[in-house]
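Throughout, protein chains are lettered first and strands after them, A, B, ... in sequence-line order, and every chain is numbered starting at 1.
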Amino acid sequence: MFSAAMEPTNHQIAEQLNLMSELLEIRGENVFKVRAFSRAADIISRYGSPLAPLDEKSLASIPGIGKNIAGKIREIVDTGTFRELEEIKSGIPDSLIELLRLEGIGPKTVATLWTRLSVESIDDLEREARSHRIRALRGFGEKKEESFLKAIAVYREQSGRMTRLEADAVADRVRPAFTPGTYEIAGSYRRGRSTIGDIDVVTTEPAHVINPRLRSLADEVIDEGDKRTSVRVLGKRVDVRFSRPQQFGSMLLYLTGSKAFNIRLREIAISKGFKLNEYGIEDRTAGVRREFSSEAEIFAFLSMDPVVPELREDWGEVERALTRSLPELVRQDAIRGDLHVHSSWSDGRLTIEQLARKGEELGYEYIVCSDHSATLGIAHGLDAEAVGRQSHEIELANRSSSCRIIHGIEVDILADGTLGLPSRTLGDLEIVIASVHSGFSQERDIMTRRVLSAVENDHVDIIGHPTGRILGRRQPYAIDMDRVIDRARETGTALECNASPYRLDIDDVEIRKAVGRGVRIAIGTDAHDPSEFEYMRYGVTTCRRGWASGSDVLNTLGVRDLLEWGS
DNA sequence: GCCGTTTTCGGCCCGACTGTTTTCAGTCG
């Protein structure tokens, strides 16, 4: 939560509206009203600029937000909450919301359990299920009791969304069930999200072939059918949809999502007199169904440009596709170098010489060697004297390498906003990345000013992993990214998209905000080990999700232009 | 609650699977 004196972030506003949606759902309110709140929350959490300063009229002009919700947003900004939310909260225990997180339990079930058995929490539910008091309710039976207990166990064991690496591990476990070339992994995995909830697969092989294979390699079969089968692997859900080859495009489109994108596309279809589903497109009057073996045919049929999976979030891409004005996104093959790697001079594994070889192998024009500075006991950080010695070694390596090692540093932004190396030393370096590695719990305004002083430092070229998040382990620190972005534009400082799958920092939402305001993005793998250079693809995907074009991304510059930019 | 080149009222994406029912409600994606 936030103090009354401080303006709420879009994320905080969205959380309240989302809570409202869930409470209304438990109360059995009109599903469209429920959806309106949930949709508004979704839109707000991805909205490019802060809503807090906007008046009611401007808020209501945002698609998906009407007069009513606009008023509630103003209330949140002014008072920290809104009256209607407080009223409904006072009648429903907080702990009921958590019950909604259990697999197979939705608002109707929660309401029934609560009103009939006074179940208010997961612990209550477990007790009632174990003592077989649930099967006494109409519509509930033995199987439901078992599935509730199972859902509780899964919930307690699960640690939420997967990193890209964990998702790859789950995907690799199920791939052997499918014949190469006959399937595709869809869902948020295909859209390139920085974290993945579950794995979705579309296959053209029939269920009677695939189901036995899935059964043998899965840890658990959740449900099994001719059209869809769900299993659990490594504690994560894997959904498989079976499709005829001539309908593969429709099924892939449907299962890739996002949900919001699918809804938008189906609305477009309706407006043209069609019904769109995972089997094809039907003429609403004639009832004739057209089938599509590829997604491209569907987009063409709807008279829109094809939308790449990374953009499918209902974030304005549908309108742009209809007017054939989608942006040209940055591509992996336009990347000419890695802007953040570590060598054995600090905590990396490769020597300078080996970095150069690695860069040649990857076809890079350059690699920025950016070891840690020697502050705060970070493993083997470099002091001013070591930077000088490292410079000689880099010079030597560059004599015999087609990949130029650029002499950089990842210097600490200290708690007071000063940098971990003297100005003279930083002036000798070709590229300076400044990052926060300590004091994560500083108050928002202090942290923001701390990072701003690095942005304003003449020597600093790039702000490293700007929010400091570690996926699944550490929340982003409190920072006003809007102020950072605005100041970065004024000073020509780039923001990093740290491509490590444990970070992906900054993420799509901030990238779109930054490039929309003319701030360059620097993709760095932060590689400490030769295997980590391939993280570049995660960074490129994240930038594409943030609507970044080639010219928005520093890595597309040639070595000469990059050095000129950095000087 | 939101929205409107048919509409300011009456719509709101669409289908699969389970468990509990005897034809469907609830949940999920």
What nucleic acid atoms does [X] come within less than 4.0 Å of, heavy atoms only: base, sugar-phosphate, or nothing?
X: A:G64; result: sugar-phosphate
X: A:L265; result: nothing
X: A:N262; result: nothing

Less than 4.0 Å between a side-chain N and a carboxylate O, is that true for [Y] and [X]?
X: A:K150; Y: A:E146; value: no
X: A:E313; Y: A:R545; value: yes
X: A:E317; Y: A:R312; value: no
X: A:E291; Y: A:R244; value: yes

For this session: Decide if the gap between the ring center of A:F301 and the ring center of A:F274 is smaller than 6.0 angstrom.
Result: yes

Exercise. What does B:dT8 pair with, Watson-Crick or G-U, if both distances are under 3.5 Å?
Worked result: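 The answer is none; no pair meets the criterion.
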
Nearest-Å distance once atom [atom1] is located in both [N] and [M]:
N: B:dC13; M: B:dC2; atom1: C1'; value: 16 Å
N: B:dT27; M: B:dT21; atom1: P; value: 16 Å
N: B:dC17; M: B:dG11; atom1: C1'; value: 28 Å
N: B:dG1; M: B:dT5; atom1: C1'; value: 24 Å
N: B:dC14; M: B:dC9; atom1: C1'; value: 24 Å
N: B:dT20; M: B:dG15; atom1: P; value: 26 Å

Please list every donor-acceptor pair under 3.5 Å in which a side-chain atom of residues 24-34 of chain A meets a protein atom from a residue at least two apart or in another chain.
from: A:R27; atom 1: NH2; to: A:E29; atom 2: OE2; distance (Å): 3.1
from: A:N30; atom 1: OD1; to: A:F32; atom 2: N; distance (Å): 2.6
from: A:N30; atom 1: OD1; to: A:K33; atom 2: N; distance (Å): 3.3

Exercise. Partners of A:R138 by salt bridge (Lys or Arg N to Asp or Glu O under 4.0 Å), sequence neighbours excluded?
Worked result: none

Where [X] and [Y] come nearest, the two heavy atoms and their spacing:
X: A:N262; Y: A:L253; value: OD1-O, 3.6 Å
X: A:I199; Y: A:Y189; value: CD1-CD1, 4.0 Å
X: A:F178; Y: A:E205; value: CA-OE1, 3.6 Å
X: A:K272; Y: A:S303; value: NZ-CB, 4.3 Å

For [range], which residues have at least one heavy atom under 4.0 Å from DNA chain B?
range: residues 304-312 of chain A; answer: none
range: residues 134-152 of chain A; answer: A:G139, A:F140, A:G141, A:E142, A:K143, A:K144
range: residues 28-45 of chain A; answer: A:N30, A:F32, A:K33, A:R35, A:A36, A:F37

For this session: Before giving the answer on side chain to side chain donor-acceptor pair (under 3.5 Å), spell out for A:R193 and A:S188 the whole-Å C-alpha distance, their side-chain angles and the decisive distance to 0.1 Å.
Result: CA-CA 6 Å; A:R193 280 196 61 178; A:S188 56; 5.7 Å; no

N/O contacts under 3.5 Å, protein versus nucleotides 23-29 of chain B?
from: B:dG26; atom 1: O3'; to: A:T109; atom 2: OG1; distance (Å): 3.2
from: B:dT27; atom 1: OP1; to: A:G106; atom 2: N; distance (Å): 2.8
from: B:dT27; atom 1: OP1; to: A:G106; atom 2: O; distance (Å): 3.0
from: B:dT27; atom 1: OP1; to: A:T109; atom 2: N; distance (Å): 2.8
from: B:dT27; atom 1: OP1; to: A:T109; atom 2: OG1; distance (Å): 2.3
from: B:dT27; atom 1: OP2; to: A:K108; atom 2: N; distance (Å): 3.2
from: B:dT27; atom 1: O5'; to: A:G106; atom 2: N; distance (Å): 3.4
from: B:dC28; atom 1: OP1; to: A:L102; atom 2: O; distance (Å): 3.4
from: B:dC28; atom 1: OP1; to: A:G104; atom 2: N; distance (Å): 2.5
from: B:dC28; atom 1: OP1; to: A:I105; atom 2: N; distance (Å): 3.3
from: B:dG29; atom 1: N2; to: A:Y254; atom 2: OH; distance (Å): 3.2
from: B:dG29; atom 1: N3; to: A:Y254; atom 2: OH; distance (Å): 3.2

Exercise. Does A:N68 place a side-chain N or O at less than 4.0 Å from the phosphate oxygens OP1/OP2 of B:dG1?
Worked result: yes

Exercise. Is the shortest heavy-atom distance from the side chain of A:Y535 to the side chain of A:R164 under 4.5 Å?
Worked result: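 No - every pair of side-chain heavy atoms lies 4.5 Å or more apart.
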
Exercise. Rounding to a whole Å, what distance do you find between A:I263:CD1 and B:dC13:C1'?
Worked result: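 In whole Å, B:dC13 C1' lies 6 Å from A:I263 CD1.
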
Problem set entry | A:R503: which of A:L471, A:T163, A:I470 passes side chain to side chain contact (heavy atoms under 4.5 Å, CB included) |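 Only one option passes, and that is A:I470.
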
Problem set entry | Toward the 5' end of DNA chain B, by each residue's nearest nucleotide, A:I69 or A:L276 |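 Its nucleotide being nearer the 5' end, the pick is A:I69.
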
